[in-house]
Chemist: 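First, the structure itself, so that you have it in front of you.
FYI, the numbering just counts along the sequence from 1.
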Amino acid sequence: MCGRTSCHLPLEVLTRACAYRDRQGRRRLPEWRDPERYCPSYNKSPQSCSPVLLSRLHVEQGADSSERVIAPMRWGLVPYWFRESDPSKLQFNTSNCRSDTIMEKRSFKVPLGKGRRCVVLADGFYEWQRFPGVSETQPYFIYFPQVKTEKSDNAGAADSPEDWEKVWDNWRLLTMAGVFDCWKPPDGGDSLYSYTIITVDACTGLKNIHQRMPAILDGEEAVSKWLDFGEVSTQEALKLIHPTENITFHPVSSLVNNSRNDALECLVPVNLLVRKELKSSSSSQKMLQWLATKSPKKEGPKTPQKAESDVPPWSSQFLQKSPVSPKRGSAGLLERWLKREREEEPEAKRPCTE
């Protein structure tokens, strides 16, 4: 399942992270619909508003279906046929939709048949590892491995917003397959757009945490096919819905358990007591460097990505084998973590500081 996400990027940075190529091969940025409704957050829960990508053809008659827009939508699909005046009175949970029953349930089958496919955007999602016989759980933050870039090599020494922009621009957002619908209040008023996240069986790397995971669209081709309902049929699009092993994760503080907590500490890796020494991978280091920055203030030129990933298969070292409480986050946790990582790294792997 997927019951909590993070999407805290500033609007202009989120837009750049969603750059794509249209049917003519031109590089484009998606246009926003109702951008004032976007509220960045480290801890998004169902019924909150999150940004989703969808085909421009859904909002503009005669548009090219390969072109994209970003629209904030309510998490938790409200079916078009719902007759109550308050969408929170919906009696069943629609924040997730199982891939194996999506064509059996009217709430999801009808909008899917209309081509209402969307891509839910997030930095990553949270999941909780449960332990037999105890109520205690350990939360993890799960996201795409990050590709090494020329600029991120020197990220530890980047002090200016101009330098950090290039690192932010190369952060890869998690792209989850979703279905949306449009509900009109029976008593009149503005239409409500809402979505559900499709889930599949967990990949091998996540099964020790949870048995389900979001259907992640891994790569530009998969995202394009899922969105382009004008050219790709429902049957073809559903072939994209399957588990992916291309994810990584780290343990986080139980601060995230309360959805009212919206702070950087929700994402910061914690050192589980089950290990005396816990070393992060380059992906975890880049996550920390990324989180430590201020929002960029102006656009910089994009940095081309290298084809090769710099992320080893390290995630399983963080899996907790027994119910042990993590250390709680604090205001200086991020700084201490980064300082320790620099001290422990071999000289050849340390970020350039000159």
Chemist: Under 3.5 Å, is there a donor-acceptor pair linking the side chains of Y140 and H210?
Modeler: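 There is no such pair between these side chains.
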
Chemist: Quick check on D190: does its CG atom have over 12 non-hydrogen neighbours (other residues, nucleotides or ligands) under 6.0 Å away?
Modeler: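 Result for CG/D190: open.
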
Chemist: So which heavy atom on P40 is nearest to which on H8, and how close?
Modeler: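 The answer is CB-O, 3.5 Å.
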
Chemist: Within the 3.5 Å criterion, strictly below it, is a donor on T204 or E245 matched to an acceptor on the partner's side chain?
Modeler: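 Yes.
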
Chemist: Can you name the nearest heavy-atom pair linking F125 to P214, along with the distance?
Modeler: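 It is CZ-CD, 3.4 Å.
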
Chemist: Return the OH to OG distance between Y126 and S259, rounded to the nearest 0.5 Å.
Modeler: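 The distance works out to 11.5 Å.
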
Chemist: Can you sort out the partners of Q235 under side chain to side chain contact (heavy atoms under 4.5 Å, CB included), two or more places apart, ordered by chain and number?
Modeler: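 Expected list: S233.
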
Chemist: Any side-chain to backbone donor/acceptor pair from H250 onto V268? Under 3.5 Å, distance only.
Modeler: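 Not a single qualifying donor-acceptor pair exists.
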
Chemist: Flag yes if L54 and V232 sit in one hydrophobic cluster, no otherwise; membership is Ile, Leu, Val, Met, Phe, Trp, Tyr, and two members link when side-chain heavy atoms are under 4.5 Å apart.
Modeler: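 They do not share one cluster, since no chain of ILVMFWY contacts under 4.5 Å joins L54 to V232.
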
Chemist: I need the D201 CG to D100 CG distance, nearest 0.5 Å.
Modeler: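 Rounded to the nearest 0.5 Å, the CG-CG separation comes to 7.0 Å.
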
Chemist: To the closest 0.5 Å, what do you measure between CG (L267) and OG (S6)?
Modeler: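 The OG atom of S6 is 4.5 Å from CG of L267, to the nearest 0.5 Å.
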
Chemist: side-chain contact (heavy atoms from CB on, under 4.5 Å) between H58 and F229: does it pass, once the steps are laid out?
Modeler: CA-CA 9 Å; H58 285 300; F229 73 100; 3.3 Å; yes

Chemist: Can you see which heavy atom on S55 is nearest to which on V69, and at what distance?
Modeler: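 The answer is O-CG2, 4.4 Å.
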
Chemist: Examine distances only and state if a side-chain atom of Q61 and a backbone atom of L57 form a donor-acceptor pair shorter than 3.5 Å.
Modeler: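 Flag not set: sc Q61 to bb L57 has no pair under 3.5 Å.
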
Chemist: Kindly indicate, with the supporting measurements, whether the criterion side-chain contact (heavy atoms from CB on, under 4.5 Å) is fulfilled by I216 and I247.
Modeler: CA-CA 9 Å; I216 296 170; I247 49 88; 3.7 Å; yes

Chemist: Under 3.5 Å, is there a donor-acceptor pair between the side chain of K44 and the main chain of C49?
Modeler: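 At least one qualifying donor-acceptor pair exists.
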
Chemist: I'd like to know if R56 and E31 make a salt bridge, using a cut-off of under 4.0 Å between side-chain N and carboxylate O.
Modeler: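 So R56 pairs with E31 through a salt bridge.
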
Chemist: Counting only heavy atoms not in E221 (residues, nucleotides, ligands), do more than 12 fall under 6.0 Å from its CD?
Modeler: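 Atom CD in E221 is not packed in, count stays at 12 or less.
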
Chemist: Do the charged groups of E12 and R16 touch, with an N to O distance under 4.0 Å?
Modeler: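 Here E12 does not pair with R16 in a salt bridge, since their nearest N and O are not under 4.0 Å apart.
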
Chemist: Whether R172 engages the ring of F144 as a cation-pi pair (distance to the six-membered ring centre under 6.0 angstrom, angle to the ring normal within 45°) should be assessed.
Modeler: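 Yes - R172 lies over the ring of F144, closer than 6.0 Å to its centre and within 45° of its axis.
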
Chemist: Can you name the side-chain hydrogen bond (donor to acceptor under 3.5 Å, both in side chains) partners of K239, sequence neighbours left out?
Modeler: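 By the side-chain hydrogen bond (donor to acceptor under 3.5 Å, both in side chains) rule, K239 matches E236.
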
Chemist: Does any part of the side chain of R106, heavy atoms only, come nearer than 4.5 Å to the side chain of P79, both counted from C-beta?
Modeler: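 P79 vs R106: side chains apart.
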
Chemist: Assess, by modelled atom type and distance only, whether the side chains of S88 and D86 contain a donor and an acceptor separated by less than 3.5 Å.
Modeler: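 Per modelled atom types, S88 and D86 side chains form a pair under 3.5 Å.
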
Chemist: Under 3.5 Å, is there a donor-acceptor pair linking the side chains of R212 and T199?
Modeler: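 There is such a pair between these side chains.
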
Chemist: Where is the tightest heavy-atom contact between T94 and G76, given as atom of each residue plus distance?
Modeler: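 T94 and G76 have their closest heavy atoms at OG1-C, 3.3 Å.
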
Chemist: Got M213 and P243 here, is their nearest side-chain heavy-atom distance under 4.5 Å?
Modeler: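 A side-chain contact exists here, since the closest heavy-atom pair is under 4.5 Å.
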
Chemist: To the nearest 0.5 angstrom, please state how far the CD atom of E127 sits from the CG atom of L206.
Modeler: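 With rounding to 0.5 Å, CD (E127) is 8.5 Å from CG (L206).
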
Chemist: Count the heavy atoms of every other residue, nucleotide or ligand shown that sit under 6.0 Å from NZ of K105, and state whether that count exceeds 12.
Modeler: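 No, because the 6.0 Å sphere around NZ of K105 holds 12 heavy atoms or fewer from other groups.
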
Chemist: Are side-chain heavy atoms of L112 and I102 found at a separation under 4.5 Å?
Modeler: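 Yes - at least one pair of side-chain heavy atoms lies under 4.5 Å apart.
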
Chemist: State whether the side chain of Q47 and the backbone N or O of S95 hold a donor-acceptor pair below 3.5 Å, judged by distance alone.
Modeler: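 Pair absent, no side-chain N/O of Q47 close to backbone of S95.
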
Chemist: Let me see the working for L264 and Y42 under side-chain contact (heavy atoms from CB on, under 4.5 Å), right down to the final yes or no.
Modeler: CA-CA 7 Å; L264 171 65; Y42 294 100; 4.3 Å; yes

Chemist: Using atom types as modelled and distance alone, determine if a side-chain donor or acceptor of W226 lies under 3.5 Å from a backbone N or O of V119.
Modeler: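 No, W226 side chain to V119 backbone: no donor-acceptor pair under 3.5 Å.
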
Chemist: Kindly write out the residues that satisfy ring-ring contact (aromatic ring centres under 6.0 Å, His included) with Y193, not counting sequence neighbours, or none if the list is empty.
Modeler: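 With neighbours one apart ignored, the set is empty.
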
Chemist: So, using ring-ring contact (aromatic ring centres under 6.0 Å, His included) as the criterion, who are the partners of W32 when residues are at least two apart?
Modeler: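 With neighbours one apart ignored, the set is Y38.
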
Chemist: Could you walk me through whether S66 and Y20 pass the side-chain contact (heavy atoms from CB on, under 4.5 Å) test, one step at a time?
Modeler: CA-CA 10 Å; S66 73; Y20 70 101; 5.8 Å; no

Chemist: Step by step, would you call S65 with R23 a side-chain hydrogen bond (donor to acceptor under 3.5 Å, both in side chains)?
Modeler: CA-CA 9 Å; S65 59; R23 211 182 305 281; 3.1 Å; yes

Chemist: Is the shortest side-chain N to carboxylate O distance from R68 to D228 below 4.0 Å?
Modeler: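 A salt bridge is absent here (no side-chain N lies under 4.0 Å from a carboxylate O).
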
Chemist: For F108, which residues count as a ring-ring contact (aromatic ring centres under 6.0 Å, His included) partner, sequence neighbours excluded?
Modeler: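 Partners of F108 by the ring-ring contact (aromatic ring centres under 6.0 Å, His included) criterion come out as none, since no residue qualifies.
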
Chemist: In terms of hydrophobic clustering (I, L, V, M, F, W, Y; side-chain heavy atoms under 4.5 Å; direct or indirect links), are L192 and W75 co-clustered?
Modeler: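 No, it is not one cluster - the side chains of L192 and W75 are not joined through contacts under 4.5 Å.
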
Chemist: So C18 and I70, do their side chains get closer than 4.5 Å, heavy atoms only?
Modeler: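 Side chain of I70 against side chain of C18, heavy atoms only: contact under 4.5 Å found.
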
Chemist: Given side chains that start at C-beta, do those of F141 and P251 come closer than 4.5 Å, heavy atoms only?
Modeler: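 Not touching, per the 4.5 Å side-chain cut-off.
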
Chemist: Does any N or O in the side chain of T15 come within less than 3.5 Å of the main-chain N or O of L11, such that one atom is a donor and the other an acceptor?
Modeler: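 Checking the backbone N and O of L11 against the side chain of T15, a donor-acceptor pair under 3.5 Å is found.
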
Chemist: Can you tell if the side chain of S194 reaches within under 4.5 Å of the side chain of M73, non-hydrogen atoms only?
Modeler: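 Of all side-chain heavy-atom pairs linking M73 with S194, none is under 4.5 Å.
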
Chemist: Could you check whether any side-chain N or O of R83 sits under 3.5 Å from a backbone N or O of W81, counting only pairs where one atom can act as donor and the other as acceptor?
Modeler: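 Yes, the answer is positive, given that a donor and an acceptor are paired below the 3.5 Å cut-off.
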
Chemist: In plain terms, say whether E67 and R28 are close enough for a salt bridge, that is, a side-chain N and a carboxylate O under 4.0 Å apart.
Modeler: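 Yes, this pair counts.
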
Chemist: Classify the side-chain pair S41/N43 by whether it contains a donor and acceptor separated by less than 3.5 Å.
Modeler: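 No, because no side-chain N or O of S41 sits under 3.5 Å from a partner of the opposite role on N43.
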
Chemist: Looking at D34 and R37, would you say the former's side chain and the latter's main chain have a donor-acceptor pair under 3.5 Å?
Modeler: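 Checked: no pair found.
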
Chemist: Would a single hydrophobic cluster contain both M103 and V110, if residues Ile, Leu, Val, Met, Phe, Trp and Tyr are joined by side-chain heavy-atom contacts under 4.5 Å?
Modeler: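 No; M103 is not reachable from V110 via cluster members.
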
Chemist: Are the side chain of R4 and the backbone of V256 linked by a donor-acceptor contact shorter than 3.5 Å?
Modeler: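 A pair under 3.5 Å: yes.
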
Chemist: If Ile, Leu, Val, Met, Phe, Trp and Tyr residues are connected whenever their side-chain heavy atoms lie under 4.5 Å apart, and connections chain through other members, are I197 and V78 in the same group?
Modeler: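 Hydrophobic grouping puts I197 apart from V78.
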
Chemist: Looking only at the side chains, is there a donor atom on one of S135 and R130 sitting less than 3.5 Å from an acceptor on the other?
Modeler: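 R130 and S135 do not have a side-chain donor-acceptor pair below 3.5 Å.
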
Chemist: Rounded at 0.5 Å granularity, tell me how far CG in L14 sits from SG in C7.
Modeler: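 L14 atom CG to C7 atom SG measures 5.0 Å (nearest 0.5 Å).
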
Chemist: Within the structure provided, determine whether R98 and I198 are in side-chain contact (heavy-atom separation under 4.5 Å).
Modeler: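 No, their side chains stay 4.5 Å or more apart.
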
Chemist: Which pair of heavy atoms, one from L240 and one from A222, lies closest together, and at what distance?
Modeler: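 Result for this residue pair: CD1-O, 3.6 Å.
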
Chemist: Contact between L173 and D123 at the side-chain level, heavy atoms closer than 4.5 Å - yes or no?
Modeler: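 A side-chain contact under 4.5 Å exists here.
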
Chemist: Looking only at non-hydrogen atoms, find the nearest pair between L255 and N261 and report the distance.
Modeler: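 Where L255 meets N261 most closely, the heavy atoms are O-ND2, 2.8 Å.
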
Chemist: Output side-chain donor-acceptor pairs under 3.5 Å for residues 175-189, partner residues at least two apart or in another chain, one line each.
Modeler:
from	atom 1	to	atom 2	distance (Å)
T175	OG1	L217	O	2.7
D181	OD1	R116	NH1	2.5
D181	OD2	Y80	N	3.2
W183	NE1	F82	O	2.8

